Amino acid sequence: MTRTHRCGELRREHAGQNVTVCGWVDTKREMGALVFIDLRDIAGKVQLAFDIEKDPANHAAAKSMHGEYVALASGVVRLRDPKNVNPRLATGDIEIAVSRLELLNTAKTPAIEVRDDLKCDPELRLKHRFIDLRRQPMQRMLQGRAAMIRSMRASLDAQGFTEIETPILYKRTPEGARDFIVPSRAYPGQFYALPQSPQLFKQLCMVAGLDRYYQIARCFRDEDKRADRQPEFSQLDIEMSFVEREDVIALLEGVVRNFMRDLQQDVRFAHTGWPVVKAGEIKTPIERMTYETAMRDYSIDRPDLRSRELKLTELTDWAKTCSFNAFKQAAAGGGMVKALRCPGMAEAFSRGQIGNLERDAKGMGAGGLASLKVLDGKLDGAIAKFFPEAEQQSLLAACKAQPGDLLLICAHAKEKVVHAVMHHMRTLVAEKLGLLDPAKFALVWVIDFPLFEFKEEEEKLYASHHPFTLPQDLDLVRNMAQAARRSSEGSVIARLKAAGYSLEQVLGLRNNQYDLVLNGVEIAGGSIRMHRTDWQQDVFELVGITKEEAEKKFGFLMNALAHGAPPHGGIAMGLDRMLMLLMGLDTIQDAMAFPKSATGRDLMIDTPNEVEKKLLDELGIQFKPAP
RNA sequence: GGGGGCGUAGCUCAAUCGGUUAGAGUGCCGGCCUGUCACGCCGGAGGUUACGGGUUCGAUUCCCGCCGCCCUCGCCA
């Protein structure tokens, strides 16, 4: 098969050359004595021309071709007459005068059409994925994905990283997402689990002295799917020895900058319309924001800074003395009151739309959502009458409100509820204001996360990232752990209080976690790890993990750390989600070659499915039907 | 696990209040056409209305169940 070119590569400069191309019949246009066939391959389409007078045999062969037949064509590339040029085709200046047409295979009529703007049930696309992947947008996506990974490898190889594979047959981890488990034949009743991430192995690589590890790692989580979730997905997983936070951040910034540049410079993607192509170069260093600032201004730890001017205002102190009971009670009872100033939007929402906002807020647990229009120096709206003049003025001043603005205010005894509602509102308002341009890339590092979360119901501290993350104020943490150890009476937090540490002080501790956020999506997250067992045990002490538990759950890691673990840290980036943003895709399914449906099935090969009873017997497994 | 939406020709969708032979566009098959490129024109085939049950003289339409897909809350680093 002496293919000389790909169909879509042929241009004016090939005129006069004898070429051979192969591909699929895209469309056929019969004009009696003339037949035209657009032959398609991954590079694009090219027109094949047949003339009955010049070559009756090939003309007849062309007539017998049908859509999606596979063919080989040889002939001379000739310039088209100027009036016959097709400016919509990259190869539109030329055509091939075919002197040899060979049928390589016939094809059944596909269930879905091979066209760029295909609009059909996603179920069909998944069922006939090999046809769906013939479509140019899908092929470009896969090429873009490959280009991104190639660029990542190049960046990391240049920085002295070693690509290392870690096991897929892993071990069940009780916390975190549900595991997929794999029964062992050799040990009936025992199971492997598929890794949720290679976290522990990459740390072991550091202990091994491998210095700089990376992997395009497949991760598995058996949770319910979403538009941006799949049961198996890929991460760029990185771990480095003898580094601090700034080293990891700087490294990843370089990687991201490089692959964005490489995608932008690749001519194959010039006409894809992808946001990344339009986005321009990203500026490094990338902006930083503390967790505290993110929560204060945006009520979310992954703020979408395309709408950075839409900041929230905390009104809790103001509300404590205000005249409106719903606000006052929430504020006085340890809750929170926050407002979103919607600039110039006093009339932007209809009554019904405001009603929908209130319904959303209630759906998230709030009692309601207050909306107030800002008139010339005063407020208007259902609850405006509850606020005397002075309170109205102080509210307007706090929110920096202007006439014509709309204020949305949420109050609740639980901060969590207020944050959820206000983040939702901010997103809706940003959308309505047209601020969420997918071709705008707003990157931000969120840093200084809390070390612990406190669950009141259990009166217990939890590590907010994972318990292997290095605290920032290590001395303080060690002192606290020591204080907690002095007694075994009551909860950890009670013991800390008895030793003179306040809850605020404990919750004010920060860790060495860092998340990279792009347009409100967390695309990468990592941390500097604890590399000493004594430090590790201090943190375990504070989150109430006993020595025995630690030994049972993380024994092999603790043992490894005790054998000379270097200071180390790393980060992992979600490839599929990153691709969604780069390419402006709506679902994660469109960012990978062979995705599962939202119910976790592969509709093409039809799995999961039952296996033979004999196999189950061999594994010592008996299926128990649901009651 | 909860809530919602969808399922009619290969595909995208119609079908009045429950009423005649379930239509259109596109694709497919065949014919005509010497410059088309979403070619055009003519003709044709193609339906267990997802599946199962119920109400009714009569069900694509109403009710129940079930399967599948999609969204969402829970869940998920």
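Predicted model, so just to flag it, every value in this text is computed and none were measured. Naming convention: chains lettered A, B, ... in sequence-line order (proteins, then strands); numbering from 1 in each chain.
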C1' atom, B/C33 versus B/U48: distance in rounded Å? 41 Å

Please tell me which of the listed nucleotides, B/G74, B/C71, B/C11, lies nearest to the side chain of A/T587? B/C71

Of the nucleotides B/U12, B/C71, B/U36, which one has an atom closest to the side chain of A/K119? B/U12

State the pairing partner of B/G44; accept Watson-Crick or G-U wobble contacts with both distances under 3.5 Å, and report none otherwise. B/C28

Counting side-chain heavy atoms from C-beta on, which of B/A38, B/U12, B/U72 comes nearest to A/N86? B/A38

Would you indicate, yes or no, if B/C33 has its OP1 or OP2 atom less than 4.0 angstrom from a side-chain nitrogen or oxygen of A/R29? no

Which is true for A/L34 with a 4.0 Å heavy-atom rule: it touches a base, it touches only sugar-phosphate, or it touches nothing? base

Sugar-phosphate only, base, or nothing, as touched by A/D121 at under 4.0 Å among non-hydrogen atoms: sugar-phosphate

Distance between the C1' atoms of B/A15 and B/G25, in whole angstroms? 15 Å

A/G176 near the nucleic acid: base, sugar-phosphate alone, or nothing, with a heavy-atom cut-off under 4.0 Å? sugar-phosphate

For A/R221 and for A/P122, locate the closest nucleotide of RNA chain B by heavy-atom distance; then report the residue assigned to the nucleotide nearer the 5' terminus. A/P122

Which of B/C69, B/C11, B/C28 is nearest the side chain of A/T109? It is B/C28

In whole Å, what is the span from the CZ atom of A/R529 to the C1' atom of B/A77? 12 Å

Tell me if the centroids of the rings in A/F220 and A/F233 come within less than 6.0 Å of each other. no

From the candidates B/C11, B/C71, B/G35, the one with an atom nearest any side-chain atom of A/C120 is B/C11

Considering only the P atoms, how many Å lie between B/C67 and B/G52, rounded to the nearest integer? 15 Å

What's the closest nucleotide to the side chain of A/M31 if the choices are B/G10, B/U36, B/C70? B/U36

With a distance cut-off below 6.0 Å to the six-membered ring centre and an angular limit of 45° from the axis, does A/K460 pair with A/F454 as a cation-pi contact? no

Is there a donor in the side chain of A/N511 and an acceptor in the side chain of A/T469, or the other way round, less than 3.5 Å apart? no

Which listed nucleotide (B/U36, B/U26, B/C70) is nearest to the side chain of A/E113? B/U26

Would you indicate what A/L118 reaches in the nucleic acid, counting non-hydrogen atoms under 4.0 angstrom: base, sugar-phosphate, or nothing? nothing

With rounding to the closest Å, how many angstrom separate the P atoms on B/C37 and B/U16? 38 Å

Give the nucleotide from the list B/C76, B/A38, B/C37 with an atom nearest to the side chain of A/N84. B/C37

Regarding A/R78, tell me which of base, sugar-phosphate or nothing describes its non-hydrogen contacts under 4.0 Å with the strands shown. base

Could you check whether any side-chain N or O of A/R12 sits under 3.5 Å from a backbone N or O of A/D93, counting only pairs where one atom can act as donor and the other as acceptor? no

Using atom C1' in both nucleotides, what's the gap between B/G23 and B/G5 to the nearest angstrom? 25 Å

How would you label the contact of A/I52 with the nucleic acid (heavy atoms, under 4.0 Å): base, sugar-phosphate, or nothing? nothing

OP1 or OP2 of B/A77 under 4.0 Å from side-chain N/O of A/Q235: no

How close or far is atom P of B/C28 from atom CE of A/M65, stated in whole angstroms? 15 Å

In whole Å, what is the span from the NZ atom of A/K127 to the P atom of B/A50? 14 Å

Just to confirm, is there a sub-4.0 Å distance from OP1 or OP2 of B/C37 to any side-chain nitrogen or oxygen of A/K28? no

Can you see if the side chain of A/H66 gets near the phosphate of B/C29 - specifically, an N or O under 4.0 Å from OP1 or OP2? yes

If we take the P atom in both B/C6 and B/C13, what is their distance in whole Å? 12 Å

Length of the CZ-P vector between A/F468 and B/A77, whole Å: 13 Å

Would you say a side-chain N or O of A/Q196 is under 4.0 Å from OP1 or OP2 of B/A77? yes

Nearest whole Å is fine: how far is B/C69 C1' from A/L126 CG? 9 Å

What's A/A572 touching, base or sugar-phosphate or nothing? Going by heavy atoms closer than 4.0 Å. nothing

Using atom P of each nucleotide, how far apart are B/U49 and B/U61 to the nearest Å? 10 Å

Is a side-chain donor-acceptor pair under 3.5 Å present for A/Q472 with A/N512? no

Side-chain donor/acceptor of A/R80 to base of B/U36, under 3.5 Å: yes

What nucleic acid atoms does A/R229 come within less than 4.0 Å of, heavy atoms only: base, sugar-phosphate, or nothing? base

Pair assignment for B/G23, Watson-Crick or G-U wobble, requiring both distances under 3.5 Å: B/C13

Is it the case that A/S197 and A/Q235 place a side-chain donor and acceptor less than 3.5 Å from each other? no

Within the structure shown, what part of the strands sits under 4.0 Å from A/T469 by heavy-atom distance: base, sugar-phosphate, or nothing? nothing

Please confirm whether the shortest side-chain N or O distance from A/S197 to OP1 or OP2 of B/A77 is below 4.0 Å. no

Going by atom types alone, do A/Q536 and A/R529 pair a side-chain donor with an acceptor below 3.5 Å? no

Hey, do the aromatic rings of A/F554 and A/F468 have their centres closer than 6.0 Å? yes

C1' gap between B/G18 and B/A59, integer Å: 7 Å

Scan every strand shown for a Watson-Crick or G-U wobble partner of B/G68, both distances under 3.5 Å, and answer none if you come up empty. B/C6

Can you check the A/E30 CD to B/C29 P distance for me, whole Å? 10 Å

Kindly say if A/S597 contacts the phosphate of B/C69, meaning a side-chain N or O under 4.0 Å from OP1 or OP2. yes

Expressed as a whole number of angstroms, how long is the span from A/K63:NZ to B/G30:P? 10 Å

A/R226 vs B/G74: side-chain N/O to OP1/OP2 distance below 4.0 Å: no

Atom CD of A/E123 and atom P of B/G5 are separated, to the nearest Å, by 19 Å

Distance alone, cut at 3.5 Å: any donor-acceptor contact between the side chains of A/Y291 and A/D515? no

